[in-house]
Amino acid sequence: MDRKRARAVLGVSPAATPAELRRAFREAAKSAHPDAGGDPERFRQVVEAHRLLSEPIPADRIVQPPATVRKNAGDDNILPITVLLALNGGVVLHETQDTAALKITLPPGLRTGDVLRAGERLLRIAIRGDGALMVRGHDIWLTTPLHPNVLAQGGRVALDTPLGRRVVWITRKAAERGLVRLAGQGLPARGEHPQGHLFLRLTEQAGGADTAAQALRRRFAAAWAA
């Protein structure tokens with residue numbers, strides 16, 4: 001049994017906390033226990049799944065991208081990266097306490113908590129958002145200012161996202177909720193991490209009326225959408 005199968009047996013996600021794992025195990029074991037009329041084979045699978053998921057991830061599962069390392073005696077084991085680096089990967093310089101720096105090539109799809117090997121050092125990833133752009137689990141959240149007319153009536157808008165420019169249809173219901181989900185456009189799948197989504201948090205755009213050019217574009221967009 002691998003970890004993916006074990007999560008399916010217990011019905012937990014890759015991001016399940018130890019408390020959630022214990023709760024799922026108790027519920028599954030209670031329903032599958034032979035003394036309660038359950039299936040012995042199912043009970044064995046539940047026990048095996050809990051044992052597997054309770055163990056730490058083996059060292060050979062640690063991400064090991066290519067890296068050029070300068071030796072140092074620092075104790076800096078946290079590697080802060082931006083949302084865009086988590087999404088696309090890239091090269092980053094990690095400053096250390098003794099002013100030496102590690103030049104590390106990051107793969108795309110890293111999550112907070114992932115462990116990266118750079119030479120003889122292990123660095124733990126921490127994704128840092130800026131308020132308007134942040135990561136929650138596997139998902140990217142982007143604060144998106146929109147004109148009041150769009151928030152009131154809905155419409156088709158072109159937005160700049162971490163994945164490039166996207167044309168998004170804002171329904172009235174989505175505008176009322178203040179939230180739009182673009183499925184499969186969050187952090188990419190990597191290892192046991194599933195593909196994430198992109199959430200647009202809709203806010204009212206600062207400022208007032210449209211310029212003439214903006215009004216013309218909106219009328220054209222409305223006519224085209226109709």
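Both V180 and L198 sit in one connected hydrophobic cluster of ILVMFWY residues. Membership requires side-chain heavy atoms under 4.5 Å apart, directly or through other members. Connection of I125 to L87 is established within a shared hydrophobic cluster, with ILVMFWY side chains joined at heavy-atom distances below 4.5 Å, either directly or through further cluster members. A continuous path of Ile, Leu, Val, Met, Phe, Trp and Tyr side chains, each step under 4.5 Å between heavy atoms, connects L106 with V83, placing both in one hydrophobic cluster. Residues L179 and M134 share a single hydrophobic cluster, defined by chaining ILVMFWY side chains whose heavy atoms lie under 4.5 Å apart. Grouping the Ile, Leu, Val, Met, Phe, Trp and Tyr side chains by contacts below 4.5 angstrom, directly or via other members, places L85 with L163.
For P108 against P188, the heavy-atom pair with the smallest separation is C-CG, 4.3 Å. Across all their heavy atoms, D139 and H197 have their closest contact at OD1-N, 2.8 Å. L146 and I170 get closest at one heavy-atom pair: CD1-CG1, 4.3 Å. Between V150 and A175, the closest heavy-atom pair is O-CB, 4.3 Å. In plain terms, the two heavy atoms of L10 and L21 that are nearest each other are CD1-CD1, 3.6 Å. The two residues R3 and L52 make their nearest non-hydrogen contact at NH1-O, 3.3 Å.
We find that R44 and E41 are joined by a salt bridge, their nearest charged nitrogen and carboxylate oxygen being less than 4.0 Å apart. Under a 4.0 Å N-O distance rule, the pair E192/K4 does not qualify as a salt bridge. Using a cutoff of 4.0 Å between basic side-chain nitrogens and carboxylate oxygens, R51 and E48 are scored as salt-bridged.
Between the side chain of E204 and the backbone N or O of P148, no donor-acceptor pair lies under 3.5 Å. In this structure, S31 contributes its side chain and A29 its backbone to no donor-acceptor pair below 3.5 Å. A side-chain donor-acceptor contact under 3.5 Å links R124 to the backbone of G113. Under the 3.5 Å distance criterion, the side-chain polar atoms of Q195 are matched with a main-chain donor or acceptor of L187. Between the T144 side chain and the L200 main chain, no donor and acceptor come within less than 3.5 Å of each other. In terms of modelled atom types and a separation under 3.5 Å, the side chain of D114 and the main chain of R111 share a donor-acceptor contact.
We find the CZ-CG distance between R166 and L159 to be 10.5 Å, quoted to the nearest 0.5 Å. If you take CD1 on I81 and CZ on R128, they are separated by 10.0 Å, rounding to the nearest 0.5 Å. Taken from CD1 in I127 to OG1 in T112, the straight-line distance is 4.0 Å, to the nearest 0.5 Å. With rounding to the nearest 0.5 Å, the separation of CZ in F43 from NE2 in H33 is 4.0 Å. One finds the CZ atom of R121 at 11.5 Å from the CG atom of L116 (value rounded to the nearest 0.5 Å). Interatomic distance, CZ of R42 versus CG of D39, reported as 9.0 Å (0.5 Å rounding).
Contact check for L202 versus L151: side-chain heavy atoms found under the 4.5 Å cut-off. A 4.5 Å side-chain heavy-atom check between L182 and V168 finds at least one atom pair inside the cut-off.
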(request) Give the C-alpha distance, both sets of side-chain angles, the deciding distance and a yes or no for side chain to side chain contact (heavy atoms under 4.5 Å, CB included) between I104 and V91. (result) CA-CA 6 Å; I104 306 171; V91 177; over 6 Å; no

(request) Determine, stepwise, if the pair N77 / L122 fulfils side chain to side chain contact (heavy atoms under 4.5 Å, CB included). (result) CA-CA 7 Å; N77 296 319; L122 295 180; over 6 Å; no

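Considering only residues two or more places apart in sequence or on other chains, R23 meets the side chain to side chain donor-acceptor pair (under 3.5 Å) condition with none of them.
Other residues, nucleotides and ligands place more than 12 heavy atoms under 6.0 Å from the CZ atom of R201.
Taking the six-membered ring where the residue is Trp, H50 and F25 present parallel rings, their angle staying beneath 30° rather than reaching 60°.
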